[in-house]
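What follows is a short report on a single structure.
Remember, predicted model here, so these are calculated numbers, not experimental data. Heads up: numbering here begins at 1 and tracks the sequence.
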Amino acid sequence: MKEITKEEFEEFVQKEFPNTPFRYENGYCFIQAGSCLGDNLHYELNAGKIHLDIEGPNWRPIRNYLWNHVVDSRVAHSHWGRYGCRWTLDKIIETKDDVEHGFLQMRRIMEPHILKFERLNAQQKVAHEPLPDSISASFYKSQELLETNLSIPEYQRPYRWNLKNVEQLLSDIYKNQSDGHNVYLMGTVIVHSYEDTYYLVDGQQRVTTLCLLLKTLDYEGQLPLLKYNHKDSFVNIKENYSFIIKWLSYNIKDKESFRDYILSSCQVVRIVVKKLNEAFQMFESQNGRGKELEAYNLLKAYHIRAMSNDSRASKIEYDKQWEAAAMYCREGYRKDLLKQLFNEQLFRTRKWTRAEDAYEFSKKEIEEFKGVTITKENQLDYAYQNILIQQEIARQYMLTMNPSLFKLKNRFTHGDSDNINPFVSMTQLILNGSSFFEFVETYVEIYKRLFVYLSTSQLSDFKQFYIEHCQYAGYNRRKGDGYIREVYKSAIMFLFDKFGELGVRQYYRDIYICLYKYRLTQKQVRYETMAKRDHVAWIFQLISKSKKLSDLVILTKVSRSVCFNIQYELKYTVDEVLSVFK
């Protein structure tokens with residue numbers, strides 16, 4: 001085993017664990033984990049294994065929390081001073097790369113749980129401290145809550161609760177009533193108070209379901225006049241209302257008693273926030289617990305909030321575009337295109353072009369898609385952001401002019417559709433508000449045309465190749481193939497973004513060979529294999545730096561070298577080289 005040197009370990013920690021305490025002593029490697037126990041909670045390399053060790057006097061709470069929440073076959077707990085205080089990664093560490101990959105994998109598995117534990121502890125401490133003047137919190141009975149002037153703000157998601165969510169709420173209420181509990185706490189509702197209206201920042205799903213439930217129970221009291229702007233809300237309201245009627249008929253004999261219990265015994269903690277930015281901070285904190293909210297959904301609220309000078313109609317239109325992409329369905333094809341794009345093509349491409357490793361997109365990474373808000377009130381922070389003002393002025397100017405006056409270059413040979421913005425690029429600085437939504441809509445449309453509409457004539461040669469070599473029979477059975485395929489799609493999309501159809505036609509085979517070679521050169525293709533900058537970032541950096549197609553000729557040279565090596569070692573022809581990847 002070639003041990004990692006002190007210098008190599010220090011460089012690794014400074015890059016991947018910045019500002020984190022660490023030690024290196026004769027091959028023993030130590031990195032602090034979290035902040036709740038200081039260096040008594042740490043990752044370490046010891047005896048050829050990566051561990052998370054829990055030490056010190058306050059070990060029990062974090063140990064118990066990890067016991068109850070970590071369910072991952074890649075790690076197991078064992079005795080370390082006290083029972084269950086060591087978690088060990090199921091991976092033999094033999095090389096420098098193993099050390100780095102091991103620490104990163106251990107962090108990806110354990111850090112979310114450590115951060116949640118620390119956040120819950122912090123919330124418990126805050127609960128005993130006085131709230132700032134701009135925030136108030138109190139218990140509200142359901143009836144009291146619903147009698148306030150509630151409203152759904154424009155930036156909110158549609159009403160998305162499904163039958164399972166509704167049944168869970170109904171069953172919980174019924175069980176608490178049956179068990180004789182005088183109070184059932186349904187959670188927290190966060191509202192932003194503005195003038196005489198309380199805008200639902202968090203709690204729309206429960207409040208809407210409560211309204212539906214009380215309507216089915218013939219409640220004659222006051223209910224909020226909530227307005228919904230998306231067809232998904234209408235569909236789910238109709239389905240859930242019908243379900244509630246059936247559920248009540250099967251389960252509730254005394255509907256009047258059940259209704260009274262809901263109104264007087266079911267309570268929420270209503271948090272009223274006067275400052276909108278604090279409301280969103282609380283929203284993000286609340287949604288860090290329980291069922292995780294997709295990271296990209298936090299971006300929608302952020303960017304609609306930046307559209308202070310835009311009309312209500314514009315905000316609603318961008319919201320509809322966003323939700324349509326999240327619930328995309330066409331001829332049996334169903335996919336959350338926003339999750340696909342943010343988790344893979346947009347986020348990871350931006351990271352690789354900067355020569356960084358690119359792992360999963362998470363809430364910790366949403367700053368990647370938060371940029372600059374340009375209004376009279378907002379001041380820029382740095383000089384490099386000035387270019388965004390120039391771009392926005394040019395965009396606004398061109399919107400008022402006849403497009404035929406400008407000779408813009410289309411990405412598609414026969415012209416781009418209206419929802420493909422000719423002025424965006426995948427690696428650009430982000431401009432908050434409407435420009436961000438145009439940026440996202442552009443790549444939603446490009447993704448569909450490249451990888452969803454596979455039977456169209458646009459780039460038919462590439463699409464036929466993609467179907468044959470990326471969607472072959474059983475292509476979903478091997479995880480490693482999926483990791484490579486997503487990187488390939490990202491590279492093709494980035495190439496298309498910069499050089500259009502011509503670029504893809506010229507280099508799609510070369511990029512395929514440069515990436516799929518790992519099927520043959522690696523015993524096992526892991527997520528880390530394709531996430532590491534050492535393996536794939538050079539392709540993205542090459543595309544990013546190229547000014548003309550001929551600058552990409554190195555892709556052809558590398559692919560020919562790969563083919564030659566395979567031909568020489570395995571005695572394959574060029575066509576057989578391609579077929580061996582399938």
Side-chain angles (χ1 to χ4, degrees), residues 1-67 69-70 72 74-82 84-91 93-126 285 288 351 354-360 362-365 367 528 531-533:
M1 169 180 173
K2 183 183 181 299
E3 293 184 350
I4 188 171
T5 66
K6 182 177 182 180
E7 292 74 18
E8 289 170 338
F9 185 65
E10 288 179 354
E11 181 182 1
F12 164 71
V13 175
Q14 288 168 3
K15 185 176 190 314
E16 302 293 349
F17 296 78
N19 303 315
T20 303
F22 69 95
R23 290 204 306 270
Y24 180 97
E25 298 174 3
N26 298 322
Y28 168 80
C29 302
F30 164 108
I31 305 174
Q32 181 174 313
S35 58
C36 57
L37 296 183
D39 61 8
N40 284 322
L41 182 67
H42 57 265
Y43 308 112
E44 67 173 47
L45 169 64
N46 193 353
K49 287 281 190 176
I50 300 290
H51 312 280
L52 171 74
D53 285 343
I54 308 170
E55 301 173 349
N58 300 315
W59 55 274
R60 192 182 301 274
I62 181 68
R63 185 206 65 174
N64 292 347
Y65 184 86
L66 295 178
W67 266 5
H69 292 84
V70 178
D72 194 309
R74 294 173 293 179
V75 293
H77 61 76
S78 60
H79 183 81
W80 177 248
R82 305 172 185 90
C85 283
R86 163 168 280 184
W87 291 79
T88 302
L89 183 68
D90 184 17
K91 180 177 182 178
I93 306 300
E94 297 179 335
T95 66
K96 169 182 171 292
D97 284 346
D98 288 340
V99 173
E100 295 179 353
H101 295 167
F103 273 108
L104 290 174
Q105 187 174 19
M106 194 63 158
R107 179 177 67 179
R108 286 196 297 278
I109 295 170
M110 304 303 294
E111 186 177 59
H113 301 288
I114 295 171
L115 292 177
K116 283 187 179 181
F117 171 81
E118 293 178 345
R119 184 162 55 242
L120 288 172
N121 273 2
Q123 289 170 351
Q124 290 172 3
K125 292 178 182 178
V126 170
S285 174
K351 297 279 283 186
R354 300 195 297 262
E356 299 174 10
D357 296 341
Y359 291 96
E360 298 95 338
S362 66
K363 293 178 186 177
K364 294 190 300 181
E365 306 283 0
E367 292 297 322
E528 291 83 355
K532 294 291 287 183
R533 61 186 181 276

Show the numbers, then the answer: is there a side-chain contact (heavy atoms from CB on, under 4.5 Å) between R23 and H42? CA-CA 11 Å; R23 290 204 306 270; H42 57 265; over 6 Å; no
Kindly indicate, with the supporting measurements, whether the criterion salt bridge (charged side-chain N to carboxylate O under 4.0 Å, His left out) is fulfilled by R86 and D53. CA-CA 5 Å; R86 163 168 280 184; D53 285 343; 2.8 Å; yes
Distance-only donor-acceptor hits, side chain of residues 102-115, under 3.5 Å, sequence neighbours excluded:
unit_1 : atom_1 : unit_2 : atom_2 : d
R107   : NH1    : E16    : O      : 2.6
R108   : NH2    : E528   : OE2    : 2.5
E111   : OE1    : K364   : NZ     : 2.6

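The line from CD of E8 to CD of E10 is 11.0 Å long, rounded to the nearest 0.5 Å. Taken from NZ in K116 to CG in L66, the straight-line distance is 12.0 Å, to the nearest 0.5 Å. Distance NZ/K96 to NE2/H101: 8.5 Å, rounded to 0.5 Å.
Nearest heavy atom pair, residue W59 against residue C85, reads CE3-SG, 3.7 Å. Across all their heavy atoms, I50 and V99 have their closest contact at CD1-O, 4.4 Å. Closest approach of C36 and L41 over heavy atoms only: SG-CD2, 4.0 Å. Across every non-hydrogen atom of I31 and V13, the tightest pair is CD1-CG2, 3.8 Å.
Residue E11 places its CD atom among 12 or fewer non-hydrogen atoms of other residues, nucleotides or ligands, all under 6.0 Å distant. Residue-environment remark: NZ (K15) exceeds the threshold of 12 foreign heavy atoms within 6.0 Å.
For H51, the side chain to side chain donor-acceptor pair (under 3.5 Å) partners are T88, not counting sequence neighbours.
The main-chain N or O of P21 is never found under 3.5 Å from a side-chain atom of Q32 such that the two would form a donor-acceptor pair. Between the side chain of Y24 and the main chain of I4, a donor-acceptor pair closer than 3.5 Å is present. In terms of modelled atom types and a separation under 3.5 Å, the side chain of D357 and the main chain of R533 share a donor-acceptor contact.
Taking the six-membered ring where the residue is Trp, H77 and W87 present perpendicular rings, their angle passing 60° and hence far from 30°. The aromatic rings of F30 and Y28 are tilted relative to each other, their planes meeting at an angle between 30° and 60°.
Counting heavy atoms from C-beta on, the side chains of L52 and L89 never come closer than 4.5 Å. Between R60 and Y65 the shortest side-chain heavy-atom distance does not fall below 4.5 Å.
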